[in-house]
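Taking it in order: structure first as structure tokens, then the write-up.
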Amino acid sequence: MYNIAIVGATGNVGRKFLEILEERNFPIENLYLFASKRSHGSYLPFKGQDYLVEETCEDNIKNKKIDFALFSAGGDTSLKYAPIFASYGAIVIDNSSAWRMNKEVPLVVPEVNPEDLKLHKGIIANPNCSTIQAMVPLKVLIDNYGIKRIVYSTYQAVSGAGMQGIKDLEDGLKGISPKKFPYPIAGNCLPHIDVFLDNGYTKEEMKMIEETRKILHSPNLKITATTVRVPVLNSHSESINVELEKSFNIEDIITLFEETKGLTVYDNTKELKYPTALDVNGKDDVYVGRIRRDFSVDNGLNLWVVADNIRKGAALNAVQIAEYLINNK
Ligand code: A2P
């Protein structure tokens with residue numbers, strides 16, 4: 001049995017951690033919930049009991065024995081508190097972008113690069129939601145055919161922008177102005193996720209590019225990305241265009257995808273079968289459909305990849321990392 005802390009327990013992903021730990025019957029001895037000072041003294045339910053939420057501060061950490069600390073409280077909180085939790089012996093699994101590109105910190109999707117977990121020094125990073133779901137099919141392709149170039153175009157749900165992201169969509173449907181997004185998200189698409197950088201890309205786009213290279217151990221892989229926020233409550237959809245090194249036939253790729261743990265092929269255009277955000281909500285797997293050749297280049301392939309961004313794209317992936325560590329001690 002393990003002692004678990006959740007930092008950012010009152011947030012969107014924090015609550016999903018609780019749901020997933022409960023539904024997977026994670027072996028928990030003690031559960032400690034942390035959030036900001038605002039939430040100190042409130043309670044959250046877990047397995048029919050109410051658990052106290054405490055302010056995240058060293059005084060509240062040092063008297064507890066914690067095996068795993070699951071973080072989703074923003075980059076600043078992670079930068080400050082992940083090393084503190086680790087110094088008291090916890091393995092931190094962090095959902096923010098704060099530690100992802102640090103050379104000392106493994107960035108892991110358990111179906112894709114679990115071997116990197118061996119290198120951890122107390123902090124492990126969960127990749128960006130839009131990166132996680134892309135990695136599951138792309139790992140199959142890079143291992144079997146090699147990848148020359150990737151073009152990502154994403155259609156990302158508002159839940160990825162936290163509680164206020166969801167509220168902006170709900171408010172927007174009633175004609176109320178947004179607070180989180182710079183323009184209305186209801187009835188709109190915003191090619192703008194996270195901040196703009198000097199190179200013209202958004203930080204979200206650069207996260208997809210850099211994290212893909214790190215997870216696939218391919219530092220020179222050619223990748224470009226356009227990430228778009230769409231008026232969908234939950235689950236991200238992605239068009240992924242890939243140029244493979246070797247020639248392929250589609251049937252072989254479908255068979256390989258069908259054999260891959262964590263990936264569900266849902267692809268039959270004659271029967272109008274392709275994954276959608278609404279269908280994939282609440283599912284653990286990454287779903288892939290519209291698997292077809294890109295005739296405009298040699299060895300080109302198009303995929304439509306959909307996953308629950310709060311589940312596989314965040315909380316579930318982090319819990320799977322903890323489970324992997326427990327099962328492969
Ligand atoms: P709180 O509810 O007390 O503000 P979301 O991204 O869904 O909005 O969730 C953010 C999570 O991060 C919440 O649990 C929030 O707690 C927590 N959080 C925000 N700021 C801090 C902070 N300075 N220290 C600890 N937790 C924080």
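Indexing begins at 1, ligand by ligand and atom by atom, following the structure's order. Just so we're clear, the structure is a prediction, and the values are computed from it rather than from any experiment.
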Pairs in or reaching into residues 9-26: which pass salt bridge (Lys or Arg N to Asp or Glu O under 4.0 Å), with residues at least two apart or in two chains? Lys16-Glu19, Glu19-Arg311, Glu23-Arg311, Arg24-Asp284, Arg24-Glu323

Do Ser153 and Ser239 pair up side chain to side chain, a donor and an acceptor below 3.5 Å, judged on atom types alone? no

Consider ring-ring contact (aromatic ring centres under 6.0 Å, His included). Of Tyr51, Phe85, Phe17, which one does Phe34 pass it with? Phe85

Trp99: what forms a ring pair (Phe, Tyr, Trp, His ring centres under 6.0 Å) with it, not counting sequence neighbours? none

I'd like to check Leu119 versus Glu115 (side-chain heavy atoms, cut-off strictly below 4.5 Å). Are they in contact? no

What does the 4.0 Å heavy-atom contact list look like for ligand 1? Gly8, Ala9, Thr10, Gly11, Asn12, Ala35, Ser36, Arg38, Ser39, Thr56, Ser72, Ala73, Thr77, Gly162, Met163

All pairs passing salt bridge (Lys or Arg N to Asp or Glu O under 4.0 Å) where residues 67-76 contributes a residue, at least two apart: Lys65-Asp67

